[in-house]
Amino acid sequence: MGPDGHSCLKKFRVTFFMAMLCTTAILFSCNSKKKWADVDPAFSKYIDAYTSGIISKTSSVKIQLASDASTTHPTGEAVGETLFKFSPDVKGKAVWLDARTIEFNPEKELTPDQLYNVSFKLGQVTGVPSKYKEFEFNVQTLKPSFKVNEYGLRSAGNKNNMVLLGEVLTADIETSPKIEKLLSATQNSKLLKVNWQHN
């Protein structure tokens with residue numbers, strides 16, 4: 001192999017190495033997505049139940065302690081201190097439902113199809129060892145989706161008119177105007193009126 005061949009091989013090796021570096025960088029960036037937190041089972045000594053898994057974008061987040069909170073608090077009133085921290089950030093207020101249950105109510109709907117990391121300052125409401133002062137867990141909002149069921153044509157009461165019945169089912173709670181934008185009907189390029197009954 002002549003000098004030119006050796007030069008080409010060297011260039012190929014450098015290019016190939018650079019391609020491998022780019023591929024590695026892409027793999028690392030893909031793996032940097034948020035993952036579900038591993039909750040220490042030892043927290044069950046202090047927490048009986050909490051909101052977890054897949055939830056609606058309109059849901060609140062609740063934590064039920066294993067025993068009454070050591071702090072005094074009025075039921076139904078907003079908590080003054082910040083006990084919940086969300087990532088991504090969520091604004092809202094926390095209220096005590098009873099002596100053991102606290103609920104965080106977001107100011108507005110959560111982002112659909114979003115994994116949230118939630119941190120609750122357990123040490124501020126009950127006596128726990130220092131390693132259990134913060135309780136971290138996840139909630140994931142539903143991914144928007146819908147399904148259309150069509151029930152066929154029926155007589156509208158006279159020979160010239162027919163009615164097509166069906167329903168639209170959504171994965172999560174949606175507003176009526178948003179749902180009505182999902183579906184339209186035409187006949188001979190003419191837009192037909194759709195009558196809705198919302199649940």
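Starting from 1, each residue takes its place in the sequence as its number.
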- [ ] Please confirm whether Phe120 and Tyr50 have ring centers closer than 6.0 angstrom.
- [x] no
Just distance, no hydrogens or angles: give the donor-acceptor pairs under 3.5 Å from side chains in residues 94-110, sequence neighbours left out.
from: Asp98; atom 1: OD1; to: Arg100; atom 2: N; distance (Å): 2.8
from: Asp98; atom 1: OD1; to: Thr101; atom 2: N; distance (Å): 2.7
from: Asp98; atom 1: OD1; to: Thr101; atom 2: OG1; distance (Å): 3.0
from: Asp98; atom 1: OD2; to: Thr101; atom 2: OG1; distance (Å): 3.3
from: Arg100; atom 1: NE; to: Asp68; atom 2: OD1; distance (Å): 3.0
from: Arg100; atom 1: NH1; to: Ala66; atom 2: O; distance (Å): 3.1
from: Glu103; atom 1: OE2; to: Ser60; atom 2: OG; distance (Å): 2.7

Considering all heavy atoms, the nearest [X]-[Y] contact:
{"X": "Thr126", "Y": "Ser67", "value": "OG1-OG, 4.5 Å"}
{"X": "His198", "Y": "Ser176", "value": "CG-OG, 3.3 Å"}
{"X": "Leu83", "Y": "Val79", "value": "CD1-CG1, 3.9 Å"}
{"X": "Leu142", "Y": "Ser56", "value": "CD1-CA, 4.2 Å"}
{"X": "Phe137", "Y": "Ala37", "value": "CA-CB, 4.4 Å"}
{"X": "Thr141", "Y": "Lys57", "value": "CG2-CA, 4.1 Å"}

Once rounded to the nearest 0.5 Å, what's the spacing between atom [atom1] of [X] and atom [atom2] of [Y]?
{"X": "Ile63", "Y": "Ile47", "atom1": "CD1", "atom2": "CD1", "result": "5.0 Å"}
{"X": "Lys121", "Y": "Lys133", "atom1": "NZ", "atom2": "NZ", "result": "11.5 Å"}
{"X": "Thr170", "Y": "Lys147", "atom1": "OG1", "atom2": "NZ", "result": "13.0 Å"}
{"X": "Leu165", "Y": "Asn149", "atom1": "CG", "atom2": "CG", "result": "12.0 Å"}
{"X": "Asn195", "Y": "Glu180", "atom1": "CG", "atom2": "CD", "result": "9.5 Å"}

Task: Sub-4.5 Å side-chain heavy-atom contact between Ser52 and Trp36 - done: no
Open item on the list: Less than 4.5 Å apart, side chain to side chain, heavy atoms only: is that true for Phe84 and Val90?
Closed with: no
Can you check whether [Y]'s main-chain N or O pairs, donor with acceptor, with [X]'s side chain at less than 3.5 Å?
{"X": "Asn188", "Y": "Lys190", "result": "no"}
{"X": "Tyr151", "Y": "Glu167", "result": "no"}
{"X": "Ser155", "Y": "Gly157", "result": "yes"}

TODO: Verify side-chain contact (heavy atoms from CB on, under 4.5 Å) between Leu65 and Leu122, making sure each step is shown before the conclusion.
DONE: CA-CA 9 Å; Leu65 304 175; Leu122 182 61; 3.6 Å; yes
TODO: Check which hydrophobic residues are tied to Phe146 through side-chain heavy-atom contacts below 4.5 Å, counting indirect links as well, and list them.
DONE: Val148, Val168, Ile179, Leu182, Leu183, Val194, Trp196
Open item on the list: Pair Gln140, Asp113 - check side-chain contact (heavy atoms from CB on, under 4.5 Å), show working.
Closed with: CA-CA 7 Å; Gln140 165 86 46; Asp113 194 26; 3.4 Å; yes
- [ ] Answer yes when Lys85 and Glu136 have at least one side-chain N-carboxylate O distance shorter than 4.0 Å, and no when they do not.
- [x] no
Open item on the list: Within the supplied structure, the quantity of interest is the number of heavy atoms (other residues, nucleotides, ligands) at a distance under 6.0 Å from Asp38 CG; does it exceed 12?
Closed with: no
Open item on the list: Please check if the number of heavy atoms outside Lys62 that lie under 6.0 Å from its NZ is greater than 12.
Closed with: no
Open item on the list: Checking Val61 against Phe86 for the side-chain contact (heavy atoms from CB on, under 4.5 Å) test, could you report, in this order, the C-alpha distance in whole Å, the side-chain angles of both residues, the deciding distance, and whether it holds?
Closed with: CA-CA 11 Å; Val61 175; Phe86 287 76; 4.0 Å; yes
